[in-house]
Amino acid sequence: MRPVAVIGIGKTAFGAFPDRDLRSLAVEAGRKALENARVQASQIEAFYLGNFAGPSFVGQNHLAPYIAGALGITGVPATRFEAACASSGSAFFHAVSAVSAELYDVVMVGGVEKMTSQPTPRVAEILAGAGDTNGEGKAGATFPALFGMIARRHMYQYGTTREMMAAVAVKNHANGAKNPLAHMRKTITMEQALNGKPVSDPLTVYDCSLVSDGAAAVIIAPLEFAAGAVRILGIAQTSDYVALDCKSDITTFEAVQKAGEKAYRMAGIGPADIDVAELHDCFTIAEIIATEDLGFAKKGEGGPYVLSGATCLNREKPVNTSGGLKAKGHPVGATGVGQICDVVQQLRGEAGERQVRKHSIGLAQNLGGSGATAVVTILGEAR
Amino acid sequence: MKVYTETVVWSPPAAYVNDAPYQLVIVDRPEGGRVTGRILGDRVWIGDDVDFAEDRDGVPYFRKAAV
């Protein structure tokens with residue numbers, strides 16, 4: 001297995017874009033990634049696409065060759081990966097595995113979702129398809145409901161408070177306000193975050209990530225072809241049960257723990273070595289749990305950890321300097337590759353106002369559903 | 001049966017817009033394992049005892065147990 005590097009990144013802004021269709025977003029991100037990598041479309045040997053629900057949101061199937069063709073990429077494998085909110089994280093994992101195994105040299109991984117053309121109840125219904133539609137879904141569980149139940153149990157077992165969850169939202173909005181590509185570029189106060197409109201108790205609108213349109217893409221290649229590029233030091237994808245009621249402990253995501261352990265082992269490092277991280281804050285409680293599952297905080301102490309300010313910009317462990325899914329936005333299928341772009345930007349020292357001081361090693365964690373798919377990637381500094 | 005976790009849904013999916021707000025629970029089953037269902041009547045909290053009330057189209061409905 002040979003080492004692999006990210007040689008180019010490209011992202012659209014995330015937001016609500018009524019005049020943009022899914023393909024135009026994906027093509028914009030893909031072209032930016034090609035340009036950033038200084039690679040031609042004709043050099044791409046395989047196209048991996050993460051997309052959760054294009055067929056439901058916009059009525060388009062066969063998305064990978066549809067987008068690849070518009071980018072001028074033909075005659076190569078072009079395949080869509082679906083793993084709920086970890087769709088493009090999963091596409092990325094499989095693309096890295098293929099390049100590492102010497103199947104291809106230069107590969108593009110894209111991610112895209114176009115969500116805002118549907119009314120909220122329909123969006124909730126489509127997203128609920130990432131859960132067990134025959135059990136929890138039939139009972140009326142939306143994703144905010146599943147994470148509301150996770151939050152309640154975490155509060156019950158560990159004394160996590162609404163204020164601790166609100167601290168995640170306040171921090172991520174503060175970061176998002178500094179990110180020119182973020183969906184929601186405004187700060188919020190603790191008081192606002194605590195008094196949001198209820199969505200699914202104890203979660204309010206300020207605990208939930210945004211319904212967004214957007215796309216992201218990266219180009220990967222063997223490290224030997226790309227001196228100076230950001231190296232993939234460790235990567236793992238793992239799975240767990242889809243239905244929340246099948247998990248023995250819903251206050252932890254076992255898939256994330258396992259993926260984290262594998263990725264740390266592959267990289268030969270531990271949680272203390274991570275300088276900057278993009279964690280999957282689909283809901284504020286998910287970021288708190290991720291900091292525990294990845295070993296940034298002890299089990300049950302993720303709430304006090306975020307409340308202490310430790311994960312703010314330029315503190316000991318900056319988390320979601322992009323604004324996270326909470327403020328940057330969460331175009332589901334674009335999120336995993338978008339996180340890779342955000343970490344690479346930090347490691348290259350190109351994050352502008354949000355640039356962290358120490359940026360040798362970064363981590364991205366992408367979660368699908370209520371923990372049924374997890375992808376953890378550890379990236380190393382440009383050399 | 002005891003409530004393992006719960007939530008009240010204020011923003012429902014399209015199929016249940018007329019039901020909201022409604023309470024969802026995951027309960028520990030006496031025979032082992034857990035099941036997701038809904039609550040009829042009084043709001044319940046984690047640790048509360050509930051009784052099975054009825055089955056509606058495959059969805060179990062529970063009610064707070066009488067003290």
Side-chain angles (χ1 to χ4, degrees), chain A residues 56 118-159 196-205 207-208 211 241-251 283 285 370, chain B:
Chain A
S56 304
Q118 300 287 345
T120 304
R122 176 66 184 142
V123 172
E125 196 169 64
I126 294 169
L127 291 173
D132 177 4
T133 53
N134 204 34
E136 56 200 19
K138 215 169 172 185
T142 57
F143 262 81
L146 295 173
F147 279 84
M149 292 197 283
I150 289 168
R152 275 277 187 245
R153 191 70 201 179
H154 203 277
M155 293 167 94
Y156 177 82
Q157 281 184 217
Y158 301 109
K197 188 177 152 219
V199 175
S200 198
D201 295 342
L203 308 179
T204 76
V205 287
D207 292 293
C208 303
V211 170
Y241 301 108
V242 166
L244 196 60
D245 58 18
C246 288
K247 297 184 174 83
S248 60
D249 180 2
I250 65 170
T251 65
F283 299 92
I285 187 66
S370 56
Chain B
M1 279 175 285
K2 278 201 191 307
V3 175
Y4 172 70
T5 191
E6 54 78 25
T7 185
V8 175
V9 179
W10 297 90
S11 185
Y16 303 112
V17 279
N18 298 324
D19 295 4
Y22 52 89
Q23 187 170 26
L24 279 178
V25 285
I26 295 179
V27 301
D28 286 313
R29 287 195 291 207
E31 67 271 31
R34 297 193 183 114
V35 67
T36 307
R38 283 218 209 164
I39 289 295
L40 291 173
D42 290 349
R43 195 193 191 301
V44 298
W45 300 91
I46 293 176
D48 283 352
D49 285 308
V50 292
D51 294 323
F52 175 76
E54 61 186 75
D55 185 295
R56 289 189 202 166
D57 193 25
V59 176
Y61 280 70
F62 303 92
R63 199 187 293 280
K64 191 171 183 172
V67 184

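Naming: A, B, ... by sequence-line order, numbering from 1 per chain. Being a predicted model, the structure only gives us computed values, none of them experimental.
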Contact class of B:Ala15 relative to chain A, heavy atoms under 4.5 angstrom: both
List the steps, then state whether side chain to side chain contact (heavy atoms under 4.5 Å, CB included) holds for A:Leu244 with A:Ile150. CA-CA 9 Å; A:Leu244 196 60; A:Ile150 289 168; 3.8 Å; yes
Pairs of heavy atoms under 4.5 Å with chain A: top-ranked of B:Trp45, B:Tyr61, B:Tyr4, B:Tyr16: B:Tyr4
Are A:Val123 and A:Ile126 side-chain neighbours, meaning at least one heavy-atom pair lies under 4.5 Å? no
Taking side chain as everything from C-beta outward and backbone as N, CA, C, O, which of these in B:Val17 sits under 4.5 Å from a heavy atom of chain A? Side chain, backbone, both or neither. side chain
Note: B:Thr7 and A:Ser200 closest approach over all heavy atoms is OG1-OG, 2.9 Å
Determine the minimum heavy-atom distance between A:Glu136 and A:Asp245, stating which atoms define it. OE1-N, 4.3 Å
Is it the case that the side chain of A:Tyr156 and the backbone of B:Gly47 share a donor-acceptor pair, with hydrogens and angles ignored and the cut-off at 3.5 Å? no
Side chain / backbone / both / neither for B:Asp57 at chain A, heavy atoms under 4.5 Å: both
Part of A:Pro144 lying under 4.5 Å from any heavy atom of chain B: neither
So which of A:Val199, A:Leu203, A:Thr142 has the largest heavy-atom pair count under 4.5 angstrom toward chain B? A:Val199
Interface moiety of B:Val25 toward chain A, non-hydrogen atoms closer than 4.5 Å: backbone
Tell me whether B:Glu6 contacts the main-chain N or O of B:Gln23 through its side chain, where contact means a donor paired with an acceptor under 3.5 Å. no
For A:Leu127, is it the side chain, the backbone, both or neither that has a heavy atom under 4.5 Å from a heavy atom of chain B? neither
Heavy-atom pairs under 4.5 Å with chain B: which of A:Lys247, A:Arg152, A:Glu125, A:Lys197 has the most? A:Arg152
So, for B:Met1 and B:Phe52, which heavy atoms are closest and what is the spacing to 0.1 Å? CE-N, 3.7 Å
Name the region of A:Ala141, side chain, backbone, both or neither, that has any atom closer than 4.5 Å to a heavy atom of chain B. both
